[in-house]
Amino acid sequence: MAGEVEKLDENEWWSRIQQLKQGSQQELIIKRNFGRDGQNTLANMAQNQGLYFHAYNKGKALVFSKVPLPDYRADLDERHGSTQNEIKMSTETERRVVNLLARSKDTSTQSSSTSTFTRAEKQPLSSMPISRSESSSSFDTMKEKFSSELRELQNSKKASLSAKAMLAFREKLPAYKLKDEFLKAVADNQVLVVSGETGCGKTTQLPQFILEQEIEHLRGADCSIICTQPRRISAISVAARIASERGESLGETVGYQIRLEAKRSERTRLLFCTTGVLLRRLVQEPDLAGVSHLLVDEIHERGINEDFLIIILRDLLPRRPDLRLILMSATLNADLFSRYFGNAPVIHIPGFTFPVAELFLEDILEKTRYKIKPEFDNYQGNSRRRRRQPSAKSDPLTEMFEDVDVDIQYKNYSLPTRQSLEAWAGGQLDLGLVEATIEHICRHEGDGAILVFLTGWDEISKLLEKIKVNTYLGNSSKFLVLPLHGSMPTVNQREIFDRPPSNMRQIVLATNIAESSITIDDVVYVIDCGKAKETSYDALNKLACLLPSWISKASAHQRRGRAGRVQPGECYRLYPKVLHDAMPQYQLPEILRTPLQELCLNIKSLQLGAIAAFLAKALQPPDPLSVKNAIEILKTIGALDDTEELTALGRHLCKLPLDPNIGKMLLMGSIFQCLDPALTIAAALAHRDPFVLPINRKEEADAVKRSFAGDSCSDHIALLKAFEAWKGAKRSGRERAFCWENFLSPITLQMMDDMRNQFLDLLSDIGFVNKSKGAKAYNHYGDDMEMICAVLCAGLYPNVIQCKRRGKRTAFYSKDVGKVDIHPSSVNAGVHLFPLPYMIYSDKVKTSSIYIRDSTNISDYALLLFGGSLMPSKSGEGIEMLGGYLHFSAPVSTLHLIQRLRGELDKLLQRKIEVPALDVLSEGIDVVAAAVELLHSQNVYQ
DNA sequence: GTCAAAGGC
């Protein structure tokens, strides 16, 4: 059935596609011989031509067809055929299941009545009319009274002595000098873009100017100013700063609101919140009724939430002519936002930082006399050969430098420097160079902390080791070296913020976390390796990647700025100046680098119309193929129907602040009586891994995690058991010791606990849980490992891989990308044989290989009963799933029994989703018991 | 054989 595979050049494809359209041929199969960007364009254009497109075998075979294509075709897959899994059910099990099914009530007659419910639910999600009509005269009087009260209070605070000192401080900020110009621009324009460097005071002053003016003009009661921040910590700290500048306590006129935490009151007029909080609020208030001014801060960071918000706001402005929108950005790309909003005026505020001297690789080599040794695999000494054979990993920027003629470009530099530049390989960071640079600063430059930007855990750990054995830097009475990484326990410690003893120099080895999330005050020297690990999304292979790459000029600028906060500083850049000049201006916005299913669900939830059309309005619209993939997943998990409308399940998922798969897992847990485990696992997957990665005691940490997993072959169970043990330790008052001994982060665990409560509230809001019944009513199978794994399967599907025996080991295969590996941090890493034939996972990412980060070993029955829909296989003798990728064979009676049970389960589930209050235990006890019976009689894995 | 960073009514 496969047509002949053709090799085509990129410039031939268009005419061949035209031929396909006009001729009698059914399909065209192209073997890829060009880059991925070309493929995506090709795929999109072919689809515009009305042809179906699918990529097979890691995108090596591209198929265009006049008929819809299956998403798996063994004939085009060179990697492996998918194996049949033979299901052997014992007669005893079969008899029990048949009996249980016979006892179960026939639920099919009742399900028809639910359709009316579905239709009623399709009406707008919420309509909360603001009852302006009620504004009786007494209401107006109250507001007037409140407005003048606010003004009196503001004036009395201003008069106080401390306020005068505070004002003197504020007046020194660059933003203060533009106060009048800013307020006039806000009054005259609906949209305003403000650009300003760090330290200019825009975040603390501009919202405050508006607040002061509104109160002064007796509009205090009517105004509601919102300022969004991308991070929780900045929302709190900025709000606290402004409250103190106004001489008030936090939560009076100035407050904040972040997830699970708020300090605000009836009197709050200026609210700082995370962008996510505002997006959630938009579901209830699509017009932001009642908001007078909205400031969106840090938009230059181009986070997915901010980019999403901006599309919504541009559509909203005509409906809210009285709303004022102020976009705040770093200097570099303010014009981009101005153009997006119809050339909105831009105000620029100069920054206030100390000058930072810049040194590039060539200067550093000259100063340190460090000698770069040629790379082994790349080298045989002669530079011409190096140029002709660039290492496979090298990127365009590094290649660009390989073409530079060092002797000409650097003729004013010494010979050793030129030789080192010749040997420099941008593909790999030279830690010896970093060490030499640190030592140079410590020996020859003045006092002050050193901040080193590295890409990840491994580099931090190795450099730490190098410093420890360095004869000069290893002196722990003179140098305080601190690793700073999001998953290291030190992040939660205060050491980094405490000033070191005066005779010690602090050296911080950090990831990007120190670029914007954590500020270390007394940094004078920054060493920048020029790289960061960055996610990207390969739409063709439906694969997320996390690879080190060169940072943008904007990031490099931000890193440099970290040296000039307290006094003039120095920035040592471990890459040549010509490379810096060739860096991209900005990083690709997050919306172009991430899987989009959650965003797509939010678009439907906010009723913003067709997904693709909406996203096409973005500042930089995502690849249509990425959008298509996201919609495809939402359809597979049953959140969207064929017309891209929300299903009943989809509407429930909208209410949960979770990735749709994790949300579904949570709903399934509540339905199938594993509520507590589902809450815990959902919280961990949505937030972050509570296991920390200590730098010295990695093996111990690994062993602890494995002991939590027991023999479950599941990272998810390890999370669950760790959380439960923490709860126990907390009850007995030994939380701290417990966390320390078990390499767990108390902050993360506490956050998980709070999130569990939020999820429980939300499940109660949508009717799945009746809190008054107590936890016991929803945890009948809370200790049943097979049932918990089945719930994981129900939620995380189609994230499933096959485990196949290869001699004494097991190999793993996924439908989209073929062979994958278990991530070495998983409890399943290094295990050679597994009791069950599949793994379900929530995170697959390409780094040095394609890794499944967290996995749970599951049975055929878990997949058959809780996975994707069952299709009769083409041969007619079995069942297929996942577009033909998974095959199951069994005697006809077994197949029928499984299909019948699956049918009953689906019916029960559908009714429960449409009528959430339905009691599954009383309505479907026998069907669920039959499922449990099968799950417990696990097939022997061959 | 490995672990960038953020975020949610």
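Both backbone and side-chain heavy atoms feed into the values below; hydrogens, waters and symmetry mates do not. Computed from a predicted model, the values in this text were never measured in an experiment. Residue numbers start from 1 in every chain, and the chains themselves are labelled A, B, ... in the order their sequence lines are given, proteins ahead of strands.
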Exercise for the section: Could you tell me whether a side-chain N or O of A/Thr511 sits under 3.5 Å from a main-chain N or O of A/Ile513, the two making a donor and an acceptor? Expected result: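 Yes, because the side chain of A/Thr511 sits within donor-acceptor range (under 3.5 Å) of the backbone of A/Ile513.
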Could you tell me the separation between the [atom1] atom of [X] and the [atom2] atom of [N], rounded to a whole number of Å?
X        : N     : atom1 : atom2 : answer
A/Ile850 : B/dT2 : CD1   : P     : 14 Å
A/Leu693 : B/dT2 : CG    : P     : 14 Å
A/Glu261 : B/dG7 : CD    : P     : 12 Å
A/Asn305 : B/dA6 : CG    : P     : 14 Å
A/Asp754 : B/dC9 : CG    : C1'   : 16 Å
A/Leu484 : B/dC3 : CG    : P     : 18 Å
A/Arg232 : B/dG7 : CZ    : P     : 7 Å

Check whether any side-chain nitrogen or oxygen of [X] sits under 4.0 Å from OP1 or OP2 of [N], and answer yes or no.
X        : N     : result
A/Lys698 : B/dC3 : no
A/His823 : B/dC3 : yes
A/His485 : B/dA5 : yes
A/Arg688 : B/dA6 : yes
A/Thr274 : B/dA6 : no

Practice task
Only one of A/Leu309, A/Ile591, A/Thr275 passes side chain to side chain contact (heavy atoms under 4.5 Å, CB included) with A/Ile304; say which it is.
Solution key: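 Considering A/Leu309, A/Ile591, A/Thr275, a side chain to side chain contact (heavy atoms under 4.5 Å, CB included) with A/Ile304 is found only for A/Ile591.
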Ignoring the backbone of [X], work out which of [options] is nearest its side chain.
X        : options             : result
A/Ser517 : B/dA5, B/dA4, B/dG7 : B/dA5
A/Ser848 : B/dT2, B/dC9, B/dC3 : B/dT2
A/Lys533 : B/dC9, B/dC3, B/dA6 : B/dC3
A/Lys655 : B/dC9, B/dA6, B/dG1 : B/dC9

Handout entry: 5' precedence on DNA chain B between A/Gln229 and A/Ser825 (nearest-nucleotide basis)
Key =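 Of the two residues, A/Ser825 wins.
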Problem - Residue whose nearest DNA chain B nucleotide is more 5′ - A/Leu546 or A/Leu762 - result: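 By nearest-heavy-atom nucleotide position, the 5'-most residue is A/Leu546.
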Practice task
Compute the centroid of each ring, for A/Phe337 and then for A/His300, and state whether the two points are separated by less than 6.0 Å.
Solution key: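 No - the distance between ring centres of A/Phe337 and A/His300 does not fall below the 6.0 Å cut-off.
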Problem - A/Asn661: side-chain hydrogen bond (donor to acceptor under 3.5 Å, both in side chains) partners, not counting sequence neighbours - result: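 For A/Asn661 there are no side-chain hydrogen bond (donor to acceptor under 3.5 Å, both in side chains) partners, ignoring immediate neighbours.
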Problem - Qualifying salt bridge (charged side-chain N to carboxylate O under 4.0 Å, His left out) pairs with a residue from residues 679-690 of chain A, counting only residues at least two apart or across chains - result: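 Pairs touching residues 679-690 of chain A that pass the test: none.
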